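Comments concern the structure below.
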Amino acid sequence: MMISSTFSLLLLAKSALFWKEVNSLSINQHNLSRFSRKTALFMSAIDTDSWAKLQSSSSQTKVGAALDLESESRIKGTAAPFVQNNLRLFGSNERPKLTLYRWCPYCQKTMLLIEEKKIPVNIELVPMRSYGDKPQSFLKMVPSGLLPALLVETNDGRKQVVTESQVIMELLDQWHPVEDGYRQMMPRDDDEKGQQRYNQLARLERELFSWWCTLIFRPEGPGGMFGKLMGSGSSGTSGAISGFLDCMAKVDQQLASTSGPWFFDFADHPTMIDFIYVSHVERMLASCAYWKGLDLRSESYNKQFPALNAWLDAFEKRECYLAFKSDYYTHVMDIPPQYGPGYDGGFEKERLMYQKSITGRDGKSWTLPLPFDDPLQPLYRGPPLPLCVLKAADIEGDNGNVGVEGTSYLNTDEHKMAAACRQMAGWKLASNGEKVAKFAARGGPGGAKNPRKGFGAELADPYANPDEDLVPYVDTALKLVCRALLTEGGPDSHAAALNDMKESLQAQLPKNKARDVSSALAYLRDRVGVPRDLPLAAARQLRAHLNEAIGVMYN
């Protein structure tokens, strides 16, 4: 996503036992030589919870306790699907002999195959070149740096590397056949019609991808010049939009031709061709809304593409898909360094509205009080949070069961859901607060001044130094934000916690530092990645609470 997970701003705590206590800010003789006496007096006067205390408070909530246990399970390889898992055992007692090196969209579909087939595997996160340097150990193994890459260890100790996502997926499927208890992902070799359909669908996916590239990554020019050159549709839309929508209609027809939501009827679960499509369709939804004003999940397009939307709904009810699903903001920040710059066009009124919503500039999507749902990116068509969190918070799905996949959460208790989302965000922030504060301080006036190597991704700057003088002030502000997020109870309790946060910010931060701290918090807010840091339902709470603090300090 926006920054390599190697430099993730909100690293997941593996276990509360692994974190040493982070003391409240204080000044010793060494600090006094660095900071002014005024700064020292300010810091010594702060009555703010330490990160250790905040982490302990989080662990005492039902949500935090559940996340602590899940973190411990991740180390053992027995946890639920998660984008930063490093080990997946699926009940196996043996060390996996497969290691997947992943990061990009092509890695996402490979991970979906692994999760649905339950293939034991080690996982290593390696950044794309536009986000950071690849480890030398990886480049020695894969000189081209291509991702995904699969390291295969044979029984006699030999090792071989396989690249290209399609090759990796087909090999994984062959090595883990139905006869051994694994799910079927491809038509059988003797199923001639099934093989023909698979090849037809694969060609259609490439056609859709080509139309998407034409639509998003080529400028229309003044007055729709590109649209005129490409020809225009009957509705007056550009040829690129018409061609893309016509191709999407073909996809919808293929989905409608089966009895279930998937491309094939031989299984009651998604298969390989579904994974190949969804990794790019997910990015098409975000980019079409942001650069062209096309909301393919709106009511009108739901009527135009009912099978496509039913397919997406089915995916969004699956825990393993949601573990890797990004929000539109993360996608539109990621797409240019991965594919090239997107160009504005299409339906201007809708485009401007969607751009503001996606980037949090509409006064709603990243602003308190948050609406229950997001009209552009509906949150509750499936589980909006990890199942362990929904169970801990006693949140029922629309089927009446607590904390399960396979159902929507549209009619859940709004206040209970909002509290669970806040507490998950607060738990994540408390898990590594001290390092997060240093990361955010890169956005201060004295931050990111050191000579360093640059990268193609707009928001990726892994070698930037923080504004050291600003770190203690940012640290204090983030502790106050975290405390507000962790508050238990309903709307009244949360409102009181927000008032306390605002009063404490005004009392504890000097006026001459307030705007600098707000810049640091904005730097952090803009780098909260989904799902790397949090699922969208929790990430928007963190973004909105940061904005609330920014508003207090900036004004």
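Heads up: numbering here begins at 1 and tracks the sequence. Values in this document were obtained by computation on a predicted structure and should not be read as measured data.
In this structure, the side chain of Asn85 engages the main chain of Ala80 through a donor-acceptor pair within 3.5 Å. Formation of a donor-acceptor pair under 3.5 Å by the Glu282 side chain with backbone atoms of Ser326 is found in this model. Using a distance-only test at 3.5 Å, with no hydrogens or angles considered, no donor-acceptor pair links the side chain of Arg532 to the main chain of Val83. Of the possible polar contacts, none joining the Asn302 side chain to the Arg297 backbone as a donor-acceptor pair under 3.5 Å is found. Between the Glu405 side chain and the Glu319 main chain, a donor and an acceptor come within less than 3.5 Å of each other. Within the 3.5 Å criterion, the main-chain N or O of Asp295 finds a donor-acceptor partner in the side chain of Ser298. Of the possible donor and acceptor atoms, none in the side chain of Arg543 sits under 3.5 Å from a partner among the backbone N and O of Gly360. Proximity of a side-chain donor or acceptor of Arg525 to a complementary backbone N or O of Leu546 within less than 3.5 Å is not detected. Looking at Asp398, its side chain does come within 3.5 Å of a backbone N or O of Asn411 through a donor-acceptor pair. Gln195 places a side-chain N or O within 3.5 Å of a backbone atom of Arg188 that can act as its donor or acceptor partner.
A tilted orientation is assigned to the rings of Phe209 and His280, their planes being inclined by 30° to 60°. Using cut-offs of 30° and 60° for the angle between ring planes, the Phe217 and Tyr339 rings count as parallel. Tyr182 and His176 have perpendicular rings, their planes meeting at more than 60° on a 0 to 90° scale where under 30° would count as parallel.
Both the sub-6.0 Å distance and the 45° axial angle are satisfied by Arg197 relative to the ring of Phe264. With a 6.0 Å cutoff to the six-membered ring centre and a 45° limit on the axis angle, Arg527 does not count as a cation-pi contact of Phe439.
In terms of heavy atoms, Trp103 sits closest to Cys107 at N-SG, 3.0 Å. Closest approach of Ile216 to Ser287, counting heavy atoms only: CD1-O, 3.8 Å. Nearest heavy atom pair, residue Ala420 against residue Ala393, reads CB-CB, 3.9 Å. Among all heavy-atom pairs drawn from Met424 and Pro535, the shortest one is CE-CD, 3.7 Å. Contact detail for Lys325 and Val530: the closest heavy-atom pair is O-CG1, 3.8 Å. Arg129 and Gly145 make their closest contact through NH2-CA, 3.8 Å (heavy atoms, listed as atom of the first residue, atom of the second, distance).
A salt bridge is defined here as a Lys NZ or Arg NE, NH1 or NH2 lying under 4.0 Å from an Asp or Glu carboxylate O, and Arg318 with Glu115 fails to meet this definition. The pair Asp133-Lys453 meets the salt-bridge criterion, since a charged nitrogen lies less than 4.0 angstrom from a carboxylate oxygen. At a threshold of 4.0 Å, the pair Arg183-Asp268 does not count as salt-bridged, since none of the basic side-chain nitrogens sits closer than that to a carboxylate oxygen.
No side-chain heavy atom of Thr330 sits under 4.5 Å from any side-chain heavy atom of Leu536. With contacts defined as side-chain heavy-atom distances shorter than 4.5 Å, the pair Asp413/Ile395 does not qualify. Looking at Tyr301 and Leu308, their side chains never come closer than 4.5 Å, going by heavy atoms from C-beta outward. Put simply, the side chain of Thr271 reaches to within 4.5 Å of the side chain of Phe266, judged on heavy atoms. Using a 4.5 Å heavy-atom cutoff, the side chains of Phe275 and Phe315 are in contact. Residues Asp526 and Tyr329 meet the side-chain proximity criterion, which asks for heavy atoms closer than 4.5 Å. Side-chain atoms of Phe244 and Cys288, non-hydrogen and from C-beta on, do get closer than 4.5 Å to each other. Proximity of Leu390 to Pro384: side-chain heavy atoms (C-beta onward) are separated by under 4.5 Å at one or more points.
Annotation: side chain to side chain donor-acceptor pair (under 3.5 Å) contacts of Asp374 (sequence neighbours excluded): none. Asn199 pairs by the side chain to side chain contact (heavy atoms under 4.5 Å, CB included) definition with Arg203, not counting sequence neighbours. In this structure, the side chain to side chain contact (heavy atoms under 4.5 Å, CB included) partners of Glu207, at least two apart in sequence or on a different chain, are Leu204, Trp211, Cys247, Lys250.
Rounding to the nearest 0.5 angstrom, the gap separating the CE atom in Met284 from the OG atom in Ser279 is 8.5 Å. The CG atom of Leu172 lies 8.5 Å from the CE atom of Met169; values are rounded to the nearest 0.5 Å. Rounding to the nearest 0.5 Å gives a distance of 12.5 Å between CG of Asp274 and NZ of Lys109. Distance check: Thr99 OG1 to Leu150 CG gives 7.5 Å after rounding to the nearest 0.5 Å. Here CD of Glu316 is found 7.0 Å from CG of Leu322. Values are rounded to the nearest 0.5 Å. Taking CZ from Phe138 and CG from Leu147, the interatomic distance works out to 4.5 Å, rounded to the nearest 0.5 Å.
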>> As a quick check of understanding, evaluate side chain to side chain contact (heavy atoms under 4.5 Å, CB included) for Leu285 and Leu312, giving each step before the final call.
In response: CA-CA 11 Å; Leu285 299 178; Leu312 289 165; 4.0 Å; yes
> Going through the checks in order, is the side chain to side chain contact (heavy atoms under 4.5 Å, CB included) test met by Trp311 and Val281?
Replying inline: CA-CA 11 Å; Trp311 176 74; Val281 169; 4.0 Å; yes
>> One pair to check against salt bridge (Lys or Arg N to Asp or Glu O under 4.0 Å): Arg381 and Asp373. What are the steps and the verdict?
In response: CA-CA 10 Å; Arg381 287 172 171 157; Asp373 207 350; over 6 Å; no
> Given the rule in the side chain to side chain contact (heavy atoms under 4.5 Å, CB included) test, do Thr258 and Phe263 qualify, once you have shown the distances and angles that lead to the verdict?
Replying inline: CA-CA 7 Å; Thr258 60; Phe263 278 110; 5.7 Å; no
>> Using side chain to side chain contact (heavy atoms under 4.5 Å, CB included), reason through Leu379 and Arg540 one step at a time and then give a plain yes or no.
In response: CA-CA 11 Å; Leu379 300 168; Arg540 70 181 192 139; 3.4 Å; yes
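Residue pairs meeting the side-chain hydrogen bond (donor to acceptor under 3.5 Å, both in side chains) criterion with at least one member in residues 135-151: none, sequence neighbours excluded. Residue pairs meeting the side-chain hydrogen bond (donor to acceptor under 3.5 Å, both in side chains) criterion with at least one partner in residues 357-372, sequence neighbours excluded, are Thr359-Arg361, Asp362-Ser365. Listed by first and then second residue, the side-chain hydrogen bond (donor to acceptor under 3.5 Å, both in side chains) pairs involving residues 161-175 are Lys117-Asp173, Gln166-Glu170, Gln166-Tyr198 (not counting sequence neighbours).
Between the side chains of Gln254 and Tyr277, no donor-acceptor pair is found at a separation under 3.5 Å. When only modelled atom types and interatomic distance are considered, Arg283 and Gln108 share a side-chain donor-acceptor pair under 3.5 Å.
Within a 6.0 Å radius of CZ in Arg452, other residues, nucleotides and ligands contribute more than 12 heavy atoms.
Here Trp291 and Tyr354 keep their ring centres 6.0 angstrom or further from each other.
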